[in-house]
Amino acid sequence: MAENLPAGLLEACVVIGADSDKLKQVYQEREFPVVDAEVLQVHAPPFVVKEAAGAAPGPNTLSRVQRRRSFIKRKRERHRGPPGEEDDVKNGEGDTNNISVPTDIDLVALPQLCFPGGLQISNDSREDCFHFLVFTDVFGNQTHGVVVQYYRPVQFSKDSTLQQNGDWPSSKSPRLYSPFGICVISKYPYYNALRDCLSCLLVQLRTCRTMDFEEQVKEFASRLALVPIPPPGQLHVAFGLRPLQIVLPSREDKDSPAVDLDLHLPFLCFKPRQLLQIVTCIMTEQRVVFFSSDWALLTLMAECFMLYIRPLLWQHPYVPILSSQMLDFLMAPTAFLMGCHLHNFEAATEMEDLVLINIDDGTVSYSGSDDDNIPEMPLEATECFIKRREGLRVHYDLEVCRLGASTDLNELRSQRRQWQEKLNREIQAIMLELIVNIFREVHDHLNYEHRVFNSEEFLRSREPKDQQFYKQVLDTHIFHSFLKDRLNRKMDSFTRMELTTRSEAQRMKLSNDSPRRPTMQEMARKHSLPEHRMSKRLGPSLPSLGPENLLGPPYTQATLQKLILESGSLKVSRTIKTFKLPEFPPPLAYQYVQNYYAELIGLLGKAIASVPPENSTLLARYYYLRGFMNTVGGKPVDALADFQTLCKTDMDIFPGELVKELANALSQREREQAERQPEIRRLLSKVKKEQDGERGRRDDGVKKFQLPTTHMRLEDFVKRVQESGIVRDIGTINRLFEALTVESFKGCLGGQGADTTMAPSSKSVFYIDSCLDGQLKQVDPEVFRLFYTFWKETEAEAQDVHLPASVIQHLDTNECVYKLSCSIKTSQGVGKIAMTQKRLFLLTEGRLGYVEITKFRDLEEVKISSAPFLLLRIPSLKIKCQLKKEMFEANLKSECDLWNLMVKEMWAGRKMADDHKDPQYMQQALTNVLLMDALVGCLQSQKAIFAASKLAYFDRMKLEVPMMVPKTTSETLKHKINPSLDQISPQGVDVLLYTPGQLSSDPDGDGNPKLWCALNDGKVVVFDAASWSMQQNCIQVGVSQLNCMLGMDLHQVWIGSQDSTIYIINARSMSCHKQLTEHHSEVTDFALEERSDKYSPMQAYSCSIDGMIIIWDVSTLQVKKQFRLTCDRLQSIQLSSGTLWCCARDCVVELRKNGVVHRRVSLPEQLQSKPAGFSGFTFLTEKDQVWTGCADVAELCIWDTRDLSKPYQRIPLADCKGVTCMIRVKNQIWVGCQGLSYGKVRGKIYVVDMERLSVEKELVAHTDSVQALCSAEDRYVLSGSASEDGKIAIWKVE
């Protein structure tokens, strides 16, 4: 457990200096050479342990003799073997193993790094100087060091006794000044704080005697070991170290390092172009060397650039400071980042392939003659960065020139620190925006199921001038690690910024499964100014869904791109709290240290009590810090209690590994104590469950897409096509497989209309494995390669289509050209036929002009004819538009059959999209058309058109009666969306929740309404309900089915799961940051009660399947009351007039607030014999009625609650197999069912009039049962269906 214990600020404190014998020699010879530095003292925690209280010093508390002697020198003495050495070892004085040094600190190399220029003895005193170190072990773990070099006077008495800072034997005796180095090593990069700590130590060392030097350093080190590290978030830790107040800034999150240095230093040293050049060198993994005449700048500059490129992580050797003896490191053949003194610059220029960065001059040069290996950063990202840089104010003096002088040193330091922290956040945001702009579209080319990145396709989508940059970056270890995080759907700073700055067009891509093509808007942007490319934000209300909204909102409305970058600068706000540690105790006494921990824990308890419950973020940080202090203070049960509280305050900072170690290390007595506390018992049970049911390791590898080399059967073919990014839908891939294999399959059947005389060939495109049962079709890898090549070529051709502005103005902004014919003769002149997702038009030759042929929804007839040409008749395509009298004719020659198939498929897709109000039909038709085009180009045979006809799915389906939409359904249905677009197959919609929007001036807030959709296995998809574009494609909430959702105060959503946990999602960050674990069975429903109590205005009710009902204080997340209802499977609850109605499978019960049953409706006797019972209910307060439905009965039952002895009323539901869900909307009851339509099982919705008690409408829009219903402002009802359909329908309420 020791390795997972929370580390304090100090890892070790090491004193470096010259050996006294060497000092004596220099003193006598009066020459001042550079001498070797040696380790003189090592101080490492723990400084006190319970067993050592009052006892003699042990291994962790070195004796004075041991610490005075040099570690390196003792090793040398062993080789010389002086007399008496064996006795010294026996006494423990010569045993170096007694020195307690952390395993990742190399004491042999440390002296060189503490004195990288050598230890120079002088005859005069010199100024103190600091520099900084980074140590990296073989696993990539880093520790950080701050070194101060200061000179102490040295003088020898007549008997050759060394005198330092003491009583000098004679004032006329010559003195030497010898430098000493004190290196403070920490696991955390607190460079400024540790430098301030060493500055405070120097004040004390200047006046202390030699005999007190060691104790002063040890006391200093032991105090730093008591300092806890602040938790991630917005809580800093401060402590006093006379004469300064030291502040440790917190990390942004668990995955980010602390930032305790001046991030604007590179902006002062380099121009923007040079700065980007350096970032490019790092991202392309060059051999980078920094040079400066100031050792301190080397590490600070390197660390700044490491922070600039986050979340990209440097994966290669990283040595920011090389001493003079380490220059041979620069000859390493691998990529590296190192730093050298400027006087080594000339020597480095003679080495090959180094990027030489002169910090002092602000220049970047190359040691090789060819510098073409360093590409230019993408132009758009560069221009955006330069614009942001212009808005930065990096000079502190300009900020304080208007202020008066302060006489308080700590006040001055605090003022400067606040300015620096604000500037650091702005710089981090600017650099993060740069990384996002470079890699924003990477996710478009990822296949999450098979963990494949299609690098070739990504490169093709880049601008030609940027491709060299991406080619080099895509082959780096940095980018590979970045891809792993993307494929793991890591919610880090990159993902959050990419989501919040995503434009509406980019959001619509998530809701659009069509192949990628440039839209007219993107074409027009190429000719517009940057400032004209942004549009206003969408309004917060639900849109009116007219016919033109079927393919998404007009792009002229707005984008959701929340560029918080105003006037070239970033507006970054962050509220910071600082926790002040108590005064340090006498640090080397065990009891005093324990009293210090107790005092610190007490102060944290007071801080927790002073924080209002609604400020859960700050509460979590205090609990986190107290949990850590209880851990190091030897109170594991109290620590577990604090960490368990994080479930209700902020799960983002939950220390999972530490909690597991604490749980496993509990003694029997401590475990019994923990088991007596229900919340800790649940936490321990959860930890044990996770350990016992450890799932297989997730494949963290990243594969590049590669074309297959072996024949593929259907299963392998599906995988390959999905990996390629061509199409994801399994049904479409199956049809493509049939199309690719239809020719050879028919040929092998013999005598069934196929050409059976085909000669076998070693290069046969397809073959049948007749050795197996049946005839299994396979696809040859060469055919797959040809098909993939044609697909990509047609995609590239579409990217190269450039339409003049006079043509673009006739098209909608979101239209794309998907197919362009060759130049042909038509009835409207010579030109090329262009096909978009909405229309056909003729691009006339000569001066490019626009002639509209027809929109697909206006088509009346498409047929193949022939046109006379000399003595021949050439195939032509005739197209009749409803709005035009004359028929359009095009002499398409050999392309005629293909265009006939494509136009008919698009016509059918358009008709079905309009009838079903489902834009995905049109998107699928587009995919089918492009697959046909690539298929015909690939096969190049007589049966190519026949094979392509297998892909004409909608042209066949439009004639099938079950696909026809009833008139009532068509009039009520407004739109359909698909939450499973990011999945390889449809997912069942388990729960739907609509949350209203709000007008907000908060730049980080999103005022638009949202639709939350729970899919299978704990996935949550979020739509922007103002545009129906997908805002978040996957929030993972556990791994179990989700049963219910509740919107809470516009900022959080509660979700009940089958795993008995209530998950709370932050509506801003779109992450699950809290959990409530008080239920012991699956959570089935919620209810919200608003009250007049100003201290607790809202309380929530939750119920679980075992009958448990819990009442929650929403602000504190504390349980106010809980009681259990005796019933069979409690399914739903509803609040009404101060009472709680509960629906179980066998009854509907009204409970008073104290949990006492008031009224009860039992399942009718004739239904008790059936396996299913009540499946849903709603209580009508104004009518005193309970409406119920059963899962296997085709009727609604209405109960009069004023007299339950009266017979209930029945409303029959025609062609219904049972009720699955029901909600009230205005004066209607909407009932979701599984029913029959045209003889097939379909998802049906019955709209029942509450007054007439009759069914007003029967709505059919799902091919599977309706599982979820929700209301949106009583203007729309949204229905979600089971996995065979997996779509969401949006219905108009009348």
Side-chain angles (χ1 to χ4, degrees), residues 447 449 513-515 708 711-749 754 765-766 768 774-780 783-784 786-788 790-791 794-795 818-819 837 897-913 916 918 920-939 941 943-960 962-963 978 980-981 983-986 1263 1284-1287:
N447 182 282
E449 292 76 27
D513 201 26
S514 301
H711 290 78
M712 291 163 287
R713 291 178 180 167
L714 178 58
E715 183 179 352
D716 191 28
F717 180 78
V718 169
K719 177 182 176 182
R720 293 290 187 172
V721 173
Q722 288 176 341
E723 288 180 354
S724 71
I726 294 175
V727 65
R728 192 163 39 224
D729 177 64
I730 293 180
T732 304
I733 299 175
N734 287 338
R735 290 190 290 274
L736 177 61
F737 183 80
E738 291 296 323
L740 282 171
T741 55
V742 66
E743 178 175 303
S744 61
F745 185 56
K746 291 174 74 74
C748 291
L749 290 177
V765 173
F766 320 107
I768 303 298
Q775 294 177 325
L776 301 179
K777 293 176 280 189
Q778 297 184 344
V779 176
D780 190 284
V783 168
F784 190 94
L786 288 172
F787 176 79
Y788 181 77
F790 272 97
W791 175 270
T794 56
E795 191 173 78
Y818 285 90
K819 176 67 175 173
Q837 69 266 45
D897 289 331
L898 174 60
W899 274 90
N900 179 52
L901 277 177
M902 292 194 301
V903 174
K904 285 185 175 180
E905 179 72 2
M906 293 294 288
W907 181 16
R910 176 73 274 169
K911 186 178 187 308
M912 291 192 65
H916 293 263
D918 188 350
Q920 193 183 6
Y921 286 130
M922 198 67 213
Q923 295 156 12
Q924 289 176 337
L926 277 170
T927 300
N928 294 341
V929 162
L930 295 177
L931 290 173
M932 292 178 193
D933 188 26
L935 183 68
V936 171
C938 163
L939 295 184
S941 68
K943 292 190 172 60
I945 295 300
F946 178 76
S949 67
K950 293 290 184 180
L951 295 166
Y953 176 71
F954 292 107
D955 192 33
R956 295 195 307 271
M957 293 296 293
K958 72 177 182 180
L959 301 177
E960 294 189 13
M963 294 302 295
N978 184 4
S980 302
L981 272 179
Q983 310 296 322
I984 60 175
S985 59
T1263 56
E1284 186 178 325
D1285 181 76
K1287 293 185 179 179

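For this chain, numbers begin at 1 and follow the sequence in order.
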#### Entry: Cation-pi check, R720 onto F784 ring (under 6.0 Å, within 45° of axis)
no

### Message
If we ignore hydrogens and angles and just use 3.5 Å, is the side chain of E905 paired with the main-chain N or O of L926 as donor and acceptor?
### Response
no

### Query
Between L930 and Y818, what is the shortest heavy-atom contact and its length?
CD2-O, 3.5 Å

### Summary
Sequence neighbours excluded, the answer for side-chain contact (heavy atoms from CB on, under 4.5 Å) partners of N900 is V862, I864, L877, K904

### Query
Can you check side chain to side chain contact (heavy atoms under 4.5 Å, CB included) on W791 and L931, steps first, answer last?
CA-CA 7 Å; W791 175 270; L931 290 173; 3.4 Å; yes

### Query
Just how far is it from atom CD of E449 to atom CZ of R728, taken to the nearest 0.5 Å?
6.5 Å

### Query
When rounded to the nearest 0.5 angstrom, what is the spacing between CG in L939 and CG in L740?
6.5 Å

### Summary
Looking only at heavy atoms, the pair that brings S980 and S985 closest together is CB-O, 4.1 Å

### Query
Would you call T732 and L736 a side-chain contact if the rule is heavy atoms closer than 4.5 Å?
no

### Task
Without swapping roles, check the side chain of R735 against the backbone of K950 for a donor-acceptor pair under 3.5 Å.
no

### Task
Please name the pair of heavy atoms, one in Y921 and one in M912, separated by the smallest distance, quoted to 0.1 Å.
CD1-O, 3.6 Å

### Message
I need the minimum non-hydrogen distance between G1286 and P986, along with the two atoms involved.
### Response
CA-CB, 4.4 Å

### Message
Going by salt bridge (Lys or Arg N to Asp or Glu O under 4.0 Å), name the residues that satisfy it together with D933, two or more places apart in sequence or in a different chain.
### Response
K819

## Note on the structure
Heavy-atom closest pair (L901 atom, A948 atom, distance to 0.1 Å) is CD1-CB, 4.0 Å

### Query
Do any N or O atoms from the side chain of T927 and from the backbone of Q923 form a donor-acceptor pair under 3.5 angstrom?
yes

### Task
Mind checking the CZ-CG spacing from F737 to D716? Nearest 0.5 Å is all I need.
10.0 Å

### Query
Roughly how far apart are Q924 CD and D729 CG, rounded to 0.5 Å?
6.0 Å

### Query
Are any side-chain N or O atoms of R956 and backbone N or O atoms of S949, one a donor and one an acceptor, separated by less than 3.5 Å?
yes

### Test item: L898 and M932 side chains (from C-beta on) under 4.5 Å apart, heavy atoms
yes

### Message
Could you tell me if the side chain of Q837 sits less than 4.5 Å from the side chain of R910, heavy atoms only?
### Response
no

### Message
Testing the basics here: between Q778 and T741, what is the closest heavy-atom pair and its distance to 0.1 Å?
### Response
O-CG2, 3.8 Å

### Message
Under the rule for salt bridge (Lys or Arg N to Asp or Glu O under 4.0 Å), what residues qualify as partners of K719, not counting sequence neighbours?
### Response
none

### V779 side chain reached by F787 side chain, heavy atoms, under 4.5 Å
no

